[in-house]
Amino acid sequence: MDDAFSFSFSLIFPISTPLFPPPFSLLKSSLSFFSSPAAARKIDLSLMPVQLGGGGKVAEPKDLAATDKDRPSSKKNRRRQKKPATSAAISPPVAAMQTLFDTSREVFQDSLPGFVPPPQAVARLAALLNDLKPHDVGIEPSMSCFKNVDSKGPPRVTYLHFYDCPKFSFGIFCLPKSAVIPLHNHPGMTVFCKILFGSMHLKSYDWAKSAPDSDNNALETSDGARLAKVNTDAVFDASSETTVLYPENGGNLHCFTARTACAVLDVMGPPYNRADGRDCSYYDESPYLSSSGGDARYSWLKENHSTFEMKAAAAAAAAAAAAEMSVWNYVVTAHKPTSVTHSCVGNFTGPNQLNLIVAKCTRIEIHLLTPQGLQPMIDVPIYGRIATLELFRPHNETQDFLFIATERYKFCVLQWDGEKSELLTRAMGDVSDRIGRPTDNGQIGIIDPDCRLIGLHLYDGLFKVIPFDNKGQLKEAFNIRLEELQVLDIKFLYGCVKPTIVVLYQDNKDARHVKTYEVALKDKDFVEGPWSQNNLDNGAGLLIPVPAPLGGVIIIGEETIVYCNANSTFRAIPIKQSIIRAYGRVDPDGSRYLLGDNAGILHLLVLTHERERVTGLKIEYLGETSIASSISYLDNGVVYVGSRFGDSQLVKLNLQADPNGSYVEVLERYVNLGPIVDFCVVDLDRQGQGQVVTCSGAFKDGSLRVVRNGIGINEQASVELQGIKGLWSLKSSFNDPYDMYLVVSFISETRFLAMNMEDELEETEIEGFDAQTQTLFCQNAINDLLIQVTANSVRLVSCTSRELVDQWNAPEGFSVNVASANASQVLLATGGGHLVYLEIKDSKLVEVKHIQLEHEISCVDLNPIGENPQYSSLAAVGMWTDISVRILSLPDLELIRKENLGGEIVPRSVLLCTLEGVSYLLCALGDGHLFSFLLNASTGELTDRKKVSLGTQPISLRTFSSKGTTHVFASSDRPTVIYSSNKKLLYSNVNLKEVNHMCPFNTAAIPDSLAIAKEGELSIGTIDDIQKLHIRTIPLNEQARRICHQEQSRTLAFCSFKHNQTSIEESETHFVRLLDHQTFEFLSIYQLDQYEHGCSIISCSFSDDNNVYYCVGTAYVLPEENEPSKGRILVFAVEDGRLQLIVEKETKGAVYSLNAFNGKLLAAINQKIQLYKWTLREDGSHELQSECGHHGHILALYTQTRGDFIVVGDLMKSISLLVYKHEESAIEELARDYNANWMSAVEMLDDEIYIGAENNYNIFTVRKNSDAATDEERGRLEVVGEYHLGEFVNRLRHGSLVMRLPDSEMGQIPTVIFGTINGVIGIIASLPHEQYVFLEKLQSTLVKFIKGVGNLSHEQWRSFHNDKKTSEARNFLDGDLIESFLDLSRNKMEEVAKGMGVPVEELSKRVEELTRLH
């Protein structure tokens, strides 16, 4: 195995910062995992919140163009600036706005007054605008700017200003119904207009070249009016094509009148400029009269001094506010770590309970082994990166304790409290030393089998000892000097009178040996051990101690496995070359072990023995699993395989091999996104919601993962149906497992659909039902009956004959308003507070109880939650007037509990339900809020009241089943699935815009399906797995390294490599692959040259070229070179779904990063930043031509661009800021961060603030000192934020996992997504200062109430930490801690709220809003 391969493993899980940059031969393999050269990030408009009355703009460099501050504003712009906006801000989706910006920049690159773009450029921009939808630019008709809030005055027009530079600008005019933009001109300008929604009347003119009247050919009157000819006079709507007006024609003067609320997107170039004499002028119209009469084709236009104003804020001010906001950031996890680093098995939660404990870097999960499989018990964060996880049992204890040590030298001992079902801290401490060189090979923590001491190898040359006393308590730690410096592994030996360790080490000649030492606790020293073994396999890297009575140790090498012990027994067997780093003991006596190698092969190692003496070793092939990082044998041939490189697995070892010769059967897979090497954010469904496509896994376990927020409904069938008021499914008989009928209720009728023999829905009749009225409720009942509730009656109908069996009629003068039923009971309200309870007895409806409540009843429910699924002893009733929910006992309707909800919003739906064995009362209000209560099913008592916001419209609650588990569907304007995980209620949005009604429709043809009524449509669909994030896997069987998306060709392209292992040598083959972005079907492949690696990939276009290309940067990694001296830039076009190589350009080094840059291509090549322009040859082909460059980096690994600015992330020299000078055609350094950070990712939050991640698991922000007094200060990037993330970040990208809703407080907050080695997907959100201060106080309050597991300190955990300094976190908040407020009990919530001085409901709402960020 070569050094590059071994080094790549250490860089996946970095341990310490090297003292010097590694040669490329080592760095090259690591790049596959952690160095994330930046793919295309152009000037990113999504960073700037777009105010509903103004917005951000990208400032031009001061030496190139005047900023808003010193550029004379036009009259039109002046009027926009008069009134600052007060509305909330929104963020447009990234991809559409970015494409619009890039295309506009190219179309108007030569823009000057009077400039007309070439026809092909006009067609290209017009086509792009034709495809834009409101959600592409972050607007929707419900926004306040489309409503006339001032009934006394004319409707106000709002201008959403997106971008402005000397060459072009664009923004959106928001017009309420009847709003008018008066007739105005566009001097010397080309303007593109596209209606995004609504309709308007457009009238436009061009200046007349001649008069229609031969008798009077005057084009101007004495009072200054000019003659103009009508160009357009028509009504336009969203289906209309983009209109284009030019400097001299096309309708250069126009006016708008909104027939409905509408939005008009304008792209114009060059913009108005008063200093150039191109101000916006407004005109009055008067009819043109000739000697022969009027001519409607012409009018006289006279300039007026209009007082027309639009609501808009100054763009520069908004941009400044956005920049200021980027200082204060909120960091939260959207997807928890999934890479398994450790696992162990023991009796932790009880003497007779077998537990699997799994560590995922910064979290631990505890599972219970049951006959049904692994049952999750608890999942908790650890304030540290877990370095050691070991179970042990102190003397006189009946169950195991858990020892955890972290990479920052903290440790704790945990015990399980069975009564409270929580973790207790038995001991904790700090084992760091002031002096000492941290070990290069990772920390090692071991526990003596006889529980006499814990041993830690943390620093070279030292062995830390933490002794136990006679009562099992830990005593003070001490160090023992260890002669061996390059320690590879240490283990305790079994069956030794004195604690004895065996040490595997490498000497200064790279030979490997083992040596044993006895630990003399009294003398605090080592005594030379009973035996040693020299000159082992050069790849020896793992020790396995064998329990007594056999004793001794197994030494795992790359080509041999050796057993030796104190009795001079030496046994060895050769193995096929492989790296084995994971093992699991099968038998208590240590005679069999499972071994997992780096190819994902599972082996069984058997120690043959006679009379407690090992006589030989045997190794057997079992089969293939994920590449194992830990192996835990559970019981009965069931094994847990934890993986850092692929999905973890639960497998069963069979006695007989399958046809492929494998004894391994996979029982369950546990999704692992790690390591996330790269990702891109795309909106595949074009709904304004980002999906993350990751390059995940390593080697054979490599894959692409498509991650999206929420639960998808996979539509199977649909039909247009207007006015649906309710949906219910019915079975053909009570015990039928599948549904047969679908009851669809309308305002004045009910229709029935049934599944036919061809598994198709067709209309049918149920004779006993009343089809001429609206149905309020339907239900299958006992004795094969059907229940129908209408306003007039309750009907019992036979399932078999479909005839009416019995009927209950509403009393005269009363009608049923709301109803609920189960298999044997009916509860209904008949107005005036009357509540009637019926039971089904002997196929008859029997009125059991009738009461009158003091207020009108708004909703009822009697869903059974007890042991009897056909009968409920409790009923829930929601009330008007006093806004309460009540629990009544059945059958007597006695009040058990009344809960006042407060406020003025009526409960519209109540539901009794049981999720994961826990009973709840859910109560939904008419404004989209939901109350949840824990319900005691025996007593009816309500506790743990919580309130969340699910939408803005009334909610309807229904239970449904998916894969045998009950969940709740909340139909509303933001449909949501409510489900339980680890006994906690969770909420996951459904990827549908609005659902009015839902019912389960479990048919034989489509099991577990749902019937869903949306506006004007009924659809049947299946639902995704119930989880907050939905993850789709595209297996590759190779490792993807870089990925990007191309909207125009509807494809994804990625660089990947396949590891080839032969008996003679190892090699890699690298590819560029093309996928369809919807089906993920492989379309095309391009194999790179021998030794050529794909390092970067982007999608971009060039100046003077309408085509879109994939650009790939490569490096030739030759075995004899420390750093590559050669690479290529490959430019591909997608033609007929195939990659066609258009241009290739040789480079003098590795192309680590590529960016589209002002219609050119920016490349980071070894130490240099190089800019290429796209030029046309005489033969009509193109080439990349070097324009300029910038030296001064050690290795420029990451670049991001914004306007003319370039941010560079260096291997060792942190972040630097460069600027491109147009006049000099040069790139110069403006400023740099002089701290020595080893960068792993960079991104530009906005013009002023840049964020970086480095290899000590920290993130930080720096700010450009534009206003500093001296050149020295301006040349230094100021560090304004620091935070210990605890995760190795490979990529930072702008984007959002959720739909950005304008009416949400979170809708205006820009977010950056990050991906890490351990499979974490996280969000960094930039907050307004006021909100940051509030949340900072909440974080400080929560720290007092939520103690870290093992009493580990949150403040220390989040402090910025590297080899040189440790400093408190600043200007970053821990969103995971803040959002854990929602998991607290009601009492704890109230305590926290009291400490904050805020009502608990308000605090819950503010934290709930934060969860909408992810």
- Item | salt bridge (Lys or Arg N to Asp or Glu O under 4.0 Å) involving Glu1390 - partner list, sequence neighbours excluded | Arg1386
- Considering only NZ, NE, NH1 and NH2 on the basic side and carboxylate oxygens on the acidic side, decide whether Arg897 and Glu899 come within less than 4.0 Å. yes
- Query: Does any N or O in the side chain of Arg644 come within less than 3.5 Å of the main-chain N or O of Ser339, such that one atom is a donor and the other an acceptor?
  - Reply: no
- Is there a donor-acceptor pair closer than 3.5 Å between any side-chain N or O of Asp469 and the backbone N or O of Lys471? yes
- Message: If the threshold is 4.0 Å, N to carboxylate O, is there a salt bridge linking Glu365 and Lys336?
- Response: no
- Message: Using modelled atom types and a 3.5 Å cut-off, is there a donor and acceptor pairing between side-chain atoms of Asp417 and backbone atoms of Glu419?
- Response: yes
- Query: Should the pair Tyr1257 and His1284 be assigned to parallel (<30°), tilted (30 to 60°) or perpendicular (>60°) ring geometry?
  - Reply: perpendicular
- Are the side chains of Tyr920 and Ile978 in touch, meaning some heavy atoms are under 4.5 Å apart? no
- Task: State whether the side chain of Asn347 and the backbone N or O of Asp400 hold a donor-acceptor pair below 3.5 Å, judged by distance alone.
- Result: no
- Item | Test item: Asn479 side-chain N/O and Leu462 main-chain N/O as donor-acceptor pair under 3.5 Å | no
- Message: Quick check on side-chain contact (heavy atoms from CB on, under 4.5 Å): which of Val331, Val332, Thr362 does Asp1376 satisfy it with?
- Response: Val332
- Query: Which residues pass the side-chain contact (heavy atoms from CB on, under 4.5 Å) test with Ala548, sequence neighbours left out?
  - Reply: none
- Do Phe1360 and Asn1256 pass the side-chain contact (heavy atoms from CB on, under 4.5 Å) test, and can you show the C-alpha distance, the side-chain angles, and the key distance before you say yes or no? CA-CA 9 Å; Phe1360 185 96; Asn1256 282 293; over 6 Å; no
- Would you confirm whether Ser629, through its side chain, and Gly642, through its main-chain N or O, come within 3.5 Å as a donor-acceptor pair? yes
- Task: Could you tell me whether Arg945 and Glu1401 make a salt bridge, using a distance below 4.0 angstrom between a side-chain N and a carboxylate O?
- Result: yes
- Compute the ring centroids of Phe463 and Tyr517, then answer whether they are less than 6.0 Å apart. no
- Query: If you draw the axis of the six-membered ring of Phe1334, does the NZ or CZ of Arg1406 fall within 45° of it and under 6.0 Å from the ring centre?
  - Reply: yes
